[in-house]
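One-based numbering, in listed order, for ligands and for the atoms of each. Below, each value reflects all heavy atoms present in this structure, side chains not excepted, and no hydrogens, waters or symmetry copies. One-based numbering along the sequence shown.
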Amino acid sequence: MTTLQEIARQIDAILGDDTREIASAQSTAALEEIRLRVLGKKGRLSLLMRTMKDVPSDERPAAGKVANEAKEAVLRAIEERRAQLREQEIAHAVRTEGVDVTMPGIRPRLGALHPITRVRRRIEDIFLAMGFRIELGPDIEDEHHNFDALNFPPEHPARDMHDTLYLATDLLLRTHTSPVQIHTMKKYAPPLAVIAPGKCYRSDAADATHSPMFHQVEGFMVDTNIRFSDLKGVLGEFVHSMFGYDTPYRLRPSFFPFTEPSAEVDILFRRRRADGQVVEKWLEILGSGMIHPNVLRNCDIDPEKYTGFAFGMGIERIAMLRYGINSMYSFFENDVRFLAQFV
Ligand code: DAH
């Protein structure tokens, strides 16, 4: 028969031996070993707890209390020592490994949007604010959407193998975003006010102003009574939002197979030279015009009832003018020193 006295005697022994050992443990690992030896499944205190059922019932509550208090005392001693040891271990690591925990951390560098993406989004925002919506078309087109439906005659030089990247008979990488006009006008009835950003491809060798892959934003509006003055108003608003409200622009007569009449838009670009003198230059930023009746007809839209305008611009070109970049290479080399300027 185990008695309260016997339990108390054993607990005194445990507390005596083990708390002394705990207080002098030299590492957190040694501490864990002691904890298991006392409080683990087969630990001294755990085994003692199990003999509690042999204690006479009138002494059992008192014996239980003593045992529980002992357990708490051991746990407290372990926690105290563990905190001391951890402090010592950190101090030791700082001394021997040369870690200065007071040194400021290294801030991770944040990435940023590519300048082409930034300018594309800016262009999108300007036209979305004017009520346009976005449509996307495929990079791989057939000749019908890229050329025929846009009123390109069969002998047009753009169709030459030298200018266009053909994939197979009748399949090619689109040379402009204008085919999205065809897809959209075939799918939806007017009124339409749409912009179509995306990648384009041409069989050009890369140099400072050319790249076999580049980006365009196409735009068009079709409704009853759309006039050339609507084109001028919308593109003027675009120029002013993009380049500043004091930027002069002009429309210059031009030719595209899919518009009649056609116009190129120039902006007056001002640049301060190294010697301080300001030089001004008219620079073309986009092509535009009234959608050719044949194009509307090719999309089953009656040109007697509906009219529209269209425009197309190169995103790289807009970005080069906006940021004063003079080489197309900069966009595709992904040199972090260049890209980091656009954070
Ligand atoms: N698609 C023409 C190009 O890539 C650009 C263009 C000019 C688009 C006039 C238009 C437009 O919609 O009306 O050179």
Side-chain angles (χ1 to χ4, degrees), residues 120 123-124 127 130 132 134-139 141 143-153 156-160 162-165 172-186 190 192-204 209-222 226-236 238-239 249-267 283-296 298-299 301 303 306-318 328:
R120 191 200 76 220
I123 296 170
E124 289 171 359
F127 285 104
M130 284 193 269
F132 284 71
I134 296 175
E135 284 286 327
L136 301 175
D139 289 16
E141 282 290 4
E143 294 219 7
H144 174 75
H145 287 87
N146 198 79
F147 294 125
D148 297 281
L150 287 162
N151 204 36
F152 278 77
H156 194 283
R159 293 179 177 239
D160 198 277
H162 288 293
D163 294 316
T164 301
L165 294 160
L172 50 88
L173 294 176
R174 67 177 177 190
T175 59
H176 51 179
T177 43
S178 302
V180 186
Q181 287 187 37
I182 307 300
H183 289 293
T184 309
M185 288 195 277
K186 276 184 165 167
L192 287 170
V194 169
I195 54 165
K199 291 183 165 63
C200 305
Y201 308 83
R202 286 185 201 172
S203 180
D204 281 330
T209 53
H210 294 86
S211 162
M213 189 282 293
F214 58 100
H215 301 80
Q216 282 188 343
V217 176
E218 189 78 13
F220 55 98
M221 188 181 273
V222 183
I226 296 286
R227 296 154 305 175
F228 197 87
S229 54
D230 296 309
L231 177 158
K232 183 164 189 255
V234 166
L235 294 181
F238 166 72
V239 167
Y249 67 97
R250 69 181 185 191
L251 275 71
R252 189 168 31 77
S254 184
F255 174 82
F256 301 101
F258 36 87
T259 46
E260 181 60 33
S262 305
E264 275 167 341
V265 175
D266 301 335
I267 60 169
L283 290 175
E284 181 206 325
I285 58 160
L286 58 83
S288 65
M290 299 306 289
I291 300 177
H292 196 292
N294 285 350
V295 175
L296 294 174
N298 290 339
C299 300
I301 293 175
Y306 292 105
T307 50
F309 66 78
F311 56 89
M313 66 183 94
I315 302 182
E316 281 80 2
R317 182 160 180 84
I318 304 286
M328 198 75 155

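- With sequence neighbours excluded, no residue forms a ring pair (Phe, Tyr, Trp, His ring centres under 6.0 Å) with H144.
- Under the 30°/60° scheme for interplanar angles, the aromatic rings of H156 and F152 are found to stand perpendicular.
- Sorted by first and then second residue, the pairs that involve residues 250-266 and meet salt bridge (charged side-chain N to carboxylate O under 4.0 Å, His left out), not counting sequence neighbours, are R250-D266, R252-E264, R252-D266.
- Using a cutoff of 4.0 Å between basic side-chain nitrogens and carboxylate oxygens, R174 and D139 are scored as salt-bridged.
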Could you list the donor-acceptor pairs under 3.5 angstrom formed between side-chain atoms of residues 307-315 and any protein atom two or more places apart in sequence or on another chain?
unit_1	atom_1	unit_2	atom_2	d
T307	OG1	I226	N	2.9
T307	OG1	I226	O	2.8

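- Looking at T175 and N146, their side chains do bring a donor and an acceptor atom within 3.5 Å of each other.
- Listed by chain and residue number, the protein contacts of ligand 1 are H176, S178, Q181, R202, Q216, E218, F256, F258, T259, G287, S288, G289, A310, F311, G312 (heavy atom within 4.0 angstrom).
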